[in-house]
Amino acid sequence: MPELPEVETTRRGLEPHVVGTTLREVIVRRRDLREVIPESIAQAEGRRVLAIRRRSKYLIVDLNDGSSLLIHLGMSGSLRVIPPSEPWKKHDHVGLTLSSDLQVRFHDPRRFGIVLHLSGGDPLAHPLLGNLGPEPLEDDFTVETLVNACAKRSIPIKVAIMDAKTVVGVGNIYASEALFRAKILPDTPANAVSKSRLKRLTQAIRDVLSDSIAEGGTTLRDFLKSDGEPGYFRQKLFVYDRKDEPCRVCRTPIRHAVMGQRSTYWCPKCQK
DNA sequence: CAAGATTCCTGGTGGC
DNA sequence: TGCCACCAGGAATCTT
């Protein structure tokens, strides 16, 4: 899916259209996503949107009755703001018609996404949001975060930083990109990476995610911003999806291998 | 407990 | 053009 930059891009795109409006109608065309959309989502009708927040790759829509919507885009999901008259596409599963006469439409071909209605309490306490590591762009993500996560673990460093218990939001694209920026080979055992290199990696993760957000995220196939436009960070990827292409720094062909069941890319000269 | 494999679902791509 | 194997941005849940 959408990794953290794409979810944050979506949040920023939705925020000005959604906050302060009332959900006039909730339309569910298909309930069987990764989890079944609960019937109680109908109770969101008539509620006003107080805020739209992001935690990890989840979006939380706070409503004025204390309930909230919890949305995850899975691997192929997107949320767009459109006129309600726009024809429904094959994989448009949910529509939230707003009092402003616009509609937020959830589209997800692979249906790995999630749309839940939480009737009350703290959304952050929901089981899906428990056991999550720190936000990479917040102050509680520090080199100590990675030092602790990597101690006594022999898994590749790339797999370690993709573990949401280590730090959230680092998906397959940005894991490869962050390791390139930090000049670390992705298959280095996590417990063999020195603290000074983990320090570099901490900063690299922050930088690559921030840079991508500034470009509206990365569009490979499915991802679209809430205005229907793609994100442009793909043009700034150093290694991801560039197998055999010349490294943008040293011209050495980019290498590719499967690591932790996921495609991984690196420059054998720039990364040690 | 750590590590690795499997699973959910659909669509795009590339080989033949 | 058609068929088919394979791959895909996530993450929970198995097995080893």
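For A:Arg34 and C:dA11, the shortest distance from a side-chain N or O to OP1 or OP2 is not below 4.0 Å. Checking the phosphate oxygens (OP1, OP2) of C:dG9, no side-chain nitrogen or oxygen of A:Arg234 falls inside 4.0 Å. At least one side-chain nitrogen or oxygen of A:His91 sits closer than 4.0 Å to the OP1 or OP2 atom of B:dG11. Regarding contacts with the backbone of C:dA11, a side-chain N or O of A:His72 is found under 4.0 angstrom from either OP1 or OP2. Residue A:Lys90 places no side-chain N or O under 4.0 Å from the OP1 or OP2 atom of B:dT10. Of the side-chain N and O atoms in A:Tyr240, one or more sit less than 4.0 angstrom from OP1 or OP2 of C:dG9.
Nucleotides B:dG14 and C:dG9 place their P atoms 16 Å apart, quoted to the nearest Å. Nucleotides C:dA11 and B:dC1 place their P atoms 22 Å apart, quoted to the nearest Å. If you take atom P in C:dC3 and the same atom in B:dC9, they sit 24 Å apart, rounded to whole Å.
Scanning residues 150-161 of chain A for heavy-atom distances under 4.0 Å to DNA chain B yields A:Arg153, A:Ser154, A:Ile155.
C:dA11 atom P lies 11 Å from atom CG of A:Asn172, rounded to whole Å. Rounding to whole angstrom units, NZ of residue A:Lys243 and P of C:dA8 are separated by 11 Å. Atom-to-atom, CZ of A:Phe112 to P of C:dT13 comes out at 14 Å; the value is rounded to the nearest Å. Atom NE2 of A:His93 is separated from atom P of B:dC8 by 17 Å (rounded to the nearest Å). Rounded to an integer number of Å, the gap from CG of A:Asp108 to P of B:dC8 is 16 Å. Protein atom CZ of A:Arg262 is 9 Å distant from nucleotide atom C1' of C:dA11, rounded to whole Å. Distance CE (A:Met75) to C1' (B:dG11): 12 Å, rounded to an integer number of Å. Between A:Phe106 atom CZ and B:dC9 atom C1' the separation is 13 Å, expressed in whole Å.
Shortest non-hydrogen contact noted between A:Arg105 and A:Pro83 is NH2-O, 4.3 Å. Nearest heavy-atom pair across A:Ser212 and A:Tyr174 is OG-OH, 2.6 Å.
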> What's the verdict on side chain to side chain donor-acceptor pair (under 3.5 Å) for A:His256 and A:Ser263, showing C-alpha distance, side-chain angles and the deciding distance?
Replying inline: CA-CA 7 Å; A:His256 168 267; A:Ser263 269; 2.9 Å; yes

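Mapping A:Gln261 and A:Arg110 onto DNA chain B via the closest heavy atom, the residue that lands nearer the 5' end is A:Gln261.
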> Under a 3.5 Å cutoff on both atom distances, Watson-Crick or G-U, what's the dot-bracket for DNA chain B ([ ] crossing, | other strand)?
Replying inline: .|||||||.|||||||

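For the residue pair A:Tyr232/A:Thr218, the side-chain donor-acceptor check at 3.5 Å is not satisfied.
Hydrophobic clustering keeps A:Ile52 apart from A:Leu118 (ILVMFWY residues linked when any side-chain heavy atoms are closer than 4.5 Å, directly or through intermediates).
You'll find that the side chain of A:Ile173 is closest to C:dG9, out of C:dA8, B:dC8, C:dG9.
Centre separation under 5.5 Å together with a plane angle under 30° does not hold for the ring of A:Phe223 and the six-membered base ring of C:dG9, so they are not marked as stacked.
Of the listed residues (A:Trp266, A:Phe233, A:Phe180), just one forms a ring-ring contact (aromatic ring centres under 6.0 Å, His included) with A:Phe238, and that residue is A:Phe180.
No donor-acceptor pair under 3.5 Å is formed between the side chain of A:Gln103 and the backbone N or O of A:Val81. With hydrogens and angles ignored, the 3.5 Å screen pairs no side-chain donor or acceptor of A:Ser68 with any backbone N or O of A:Asp62.
Other residues, nucleotides and ligands place no more than 12 heavy atoms under 6.0 Å from the CG atom of A:Asn131.
Salt bridge status for A:Glu8 with A:Lys57: absent, with no side-chain N to carboxylate O gap under 4.0 Å.
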